[in-house]
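Only one structure is covered here, and it is reproduced in the block below.
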Protein chains: 2
Amino acid sequence: MTKSKKAGKGRRAKLPEELTEAEWAIMKVVWEQEPCTAGTVQETLADTRAWAYSTVKTTMDRMAEKGFLAIEKIRNLQLFRARISEVDAKRAELRKTLKRAFDGALTPMMQFLIEHEGLSAEDASHLRELVERATRKKP
Amino acid sequence: MTKSKKAGKGRRAKLPEELTEAEWAIMKVVWEQEPCTAGTVQETLADTRAWAYSTVKTTMDRMAEKGFLAIEKIRNLQLFRARISEVDAKRAELRKTLKRAFDGALTPMMQFLIEHEGLSAEDASHLRELVERATRKKP
DNA sequence: TTGCGTATTCTATTTATGTCGAATATCCTC
DNA sequence: GAGGATATTCGACATAAATAGAATACGCAA
């Protein structure tokens with residue numbers, strides 16, 4: 001039988017779309033090394049974050065509950081893998097900023113970036129390139 | 001006697017640099033109408049957020065503690081005004097995203113935006129314009 | 001089969017945010 | 001100077017995030 005975690009009514013609990021700070025750190029490792037264990041993640045992050053194993057594990061368990069990670073059990077081992085792509089996560093993150101700080105308007109945000117975050121010459125030419133390509137794609 | 005809230009040692013608590021969701025909503029109003037009262041903010045936001053006056057007030061008081069807002073007292077009135085500029089807030093917000101999702105690399109973020117958030121033809125030409133101008137400024 | 005060494009589960013603490021109601025203070029008008 | 005309309009202060013409660021120790025389970029090797 002369908003063992004639904006939360007409630008009956010087909011109503012799916014709104015799962016968070018965005019990652020917290022700690023979750024980002026963890027996801028990055030998972031994306032790179034999946035499938036991997038909590039231990040691996042903890043070790044990989046050791047130099048950056050002084051997190052105890054249990055901290056990482058607890059967080060990852062919660063992320064699994066939220067739908068960000070999937071757990072595969074092998075013997076007494078839990079292998080985690082991502083259930084959201086890096087692209088989706090990035091998109092969500094950017095959208096949040098876009099909404100919050102720029103009322104959802106993309107161009108003003110780009111403009112802000114260009115004007116306030118010094119572009120190097122290379123950056124600029126690279127950008128020009130990208131814009132070119134993007135426009136050429138749809139005439 | 002000096003009734004210091006926190007601690008003795010001139011050690012200033014690291015004040016947060018970033019705004020939360022609710023704080024963004026409030027700041028936007030303040031930036032537009034400052035100086036203004038909590039009541040004004042509450043009313044202005046009424047159609048968007050069903051917040052009780054005290055919710056807004058409490059949040060704004062906390063924002064003042066954090067250094068985001070300044071309070072000027074006139075009679076029994078409190079006038080709030082921003083202590084961080086919109087530009088700074090935007091910058092902080094973008095930097096956070098930049099760090100989190102793109103390891104601090106600007107160009108990849110721009111690239112992502114260009115490639116994943118459909119640019120209209122106008123957007124593109126506008127962008128080209130901006131990039132042009134930005135490069136011309138520093139040869 | 002007895003342990004050793006990991007891995008897992010469970011629970012707990014702290015801090016921040018979101019959210020408000022109730023009690024209190026203050027001002028202006030009559 | 002009394003009353004009522006506003007504002008302010010305070011404390012409270014819920015949830016989520018960050019963090020981690022303790023207790024427990026499990027698999028493998030001697």
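Just so it is clear: chains get the letters A, B, ... in the order the sequence lines come, proteins before strands, and each one is counted from 1. The basis for the numbers below is simple: all heavy atoms, side chains too, and nothing from hydrogens, waters or symmetry mates.
- Side-chain heavy atoms closer than 4.5 Å link hydrophobic residues (I, L, V, M, F, W, Y) into clusters, and following such links, even through other members, never connects B:Val41 to B:Leu77.
- A sub-4.0 Å separation between OP1 or OP2 of C:dT8 and a side-chain N or O of A:Tyr53 is present.
- Atom pair A:Met60:CE and D:dA20:C1' shows a separation of 16 Å (rounding to whole Å applied).
- At a threshold of 4.0 Å, the pair A:Glu132-A:Arg128 does not count as salt-bridged, since none of the basic side-chain nitrogens sits closer than that to a carboxylate oxygen.
- Between A:Glu117 and B:Arg95 there is a salt bridge, since at least one side-chain N of the basic residue sits less than 4.0 Å from a carboxylate O of the acidic one.
- Using a 4.0 Å cut-off on heavy atoms, none of the residues of residues 91-100 of chain B approach DNA chain D.
- Atom CD of B:Glu18 has more than 12 heavy atoms from other residues, nucleotides or ligands within 6.0 Å.
- In this structure, A:Met110 CE and A:Leu98 CG are separated by 10.5 Å, a value rounded to the nearest 0.5 Å.
- Of the candidate nucleotides D:dA20, D:dA7, C:dA7, D:dA20 has the atom nearest to the side chain of A:Trp51.
- At a non-hydrogen distance threshold of 4.0 Å, nothing from residues 38-48 of chain B comes into contact with DNA chain D.
- In this structure, CG of A:Asp61 is placed 15 Å from P of D:dA18, rounded to the nearest angstrom.
- Taking 4.5 Å as the limit, every side-chain heavy atom of A:Glu34 sits out of range of all side-chain heavy atoms of A:Leu79.
- The B:Lys73 side chain lies nearest to D:dT9 when the options are D:dA17, D:dT9, C:dG18.
- Between A:Glu65 and A:Arg62 there is no salt bridge, since no side-chain N of the basic residue sits under 4.0 Å from a carboxylate O of the acidic one.
- You'll find a donor-acceptor pair under 3.5 Å spanning the side chain of B:Arg62 and the base of C:dG18, going by distance alone.
- Side-chain atoms of B:Phe80 and B:Asp61, non-hydrogen and from C-beta on, do get closer than 4.5 Å to each other.
- Taking atom CD of residue B:Glu18 and atom P of nucleotide C:dA16, one finds them 14 Å apart after rounding to whole Å.
- The separation between B:Glu65 atom CD and C:dG18 atom P is 15 Å, rounded to whole Å.
- Listed nucleotides: D:dA18, C:dT9, D:dT8. Nearest to the side chain of A:Ala22: D:dA18.
- Atom pair A:Leu79:CG and C:dA7:C1' shows a separation of 12 Å (rounding to whole Å applied).
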What protein N or O atoms touch nucleotides 21-29 of chain C N or O atoms at under 3.5 angstrom, if any, and at what distances?
{"from": "C:dG21", "atom 1": "N7", "to": "B:Ser54", "atom 2": "OG", "distance (Å)": "3.0"}

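- To the nearest 0.5 Å, atoms CD (B:Glu129) and CD1 (A:Ile114) are separated by 10.5 Å.
- Nucleotide C:dT19 holds its P atom 12 Å from the CD atom of B:Glu23, rounded to whole Å.
- Base engagement by B:Thr59 is indicated by at least one non-hydrogen atom pair under 4.0 Å involving a base atom.
- A salt bridge links A:Lys66 to A:Glu23: at least one charged side-chain nitrogen sits closer than 4.0 Å to a carboxylate oxygen.
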### Message
Quick one, A:Gln78 with A:Lys57, criterion side chain to side chain donor-acceptor pair (under 3.5 Å). Give me CA distance, side-chain angles, the key distance, then yes/no.
### Response
CA-CA 10 Å; A:Gln78 281 176 307; A:Lys57 183 58 164 49; 3.1 Å; yes
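- In this structure, A:Leu19 atom CG and D:dA17 atom P are separated by 11 Å, rounded to whole Å.
- At C:dT9, one or more side-chain N or O atoms of A:Lys57 fall inside 4.0 Å of OP1 or OP2 (strictly under the cut-off).
- Contact of the A:Leu119 side chain with the B:Thr107 side chain is not registered, since no non-hydrogen atoms from C-beta on lie closer than 4.5 Å.
- For the pair A:Phe80 CZ and C:dT8 P, the computed distance is 7 Å after rounding to whole Å.
- Using a 4.0 Å heavy-atom cutoff across all strands shown, B:Ala25 reaches no nucleic acid atom at all.
- For C:dA7, the OP1/OP2 oxygens have no side-chain nitrogen or oxygen of A:Gln78 closer than 4.0 Å.
- Residue A:Glu21 is in sugar-phosphate contact alone, with no base atom involved, counting any heavy-atom pair closer than 4.0 Å across all strands shown.
- The closest side-chain heavy-atom distance from B:Val87 to A:Phe112 is below 4.5 Å.
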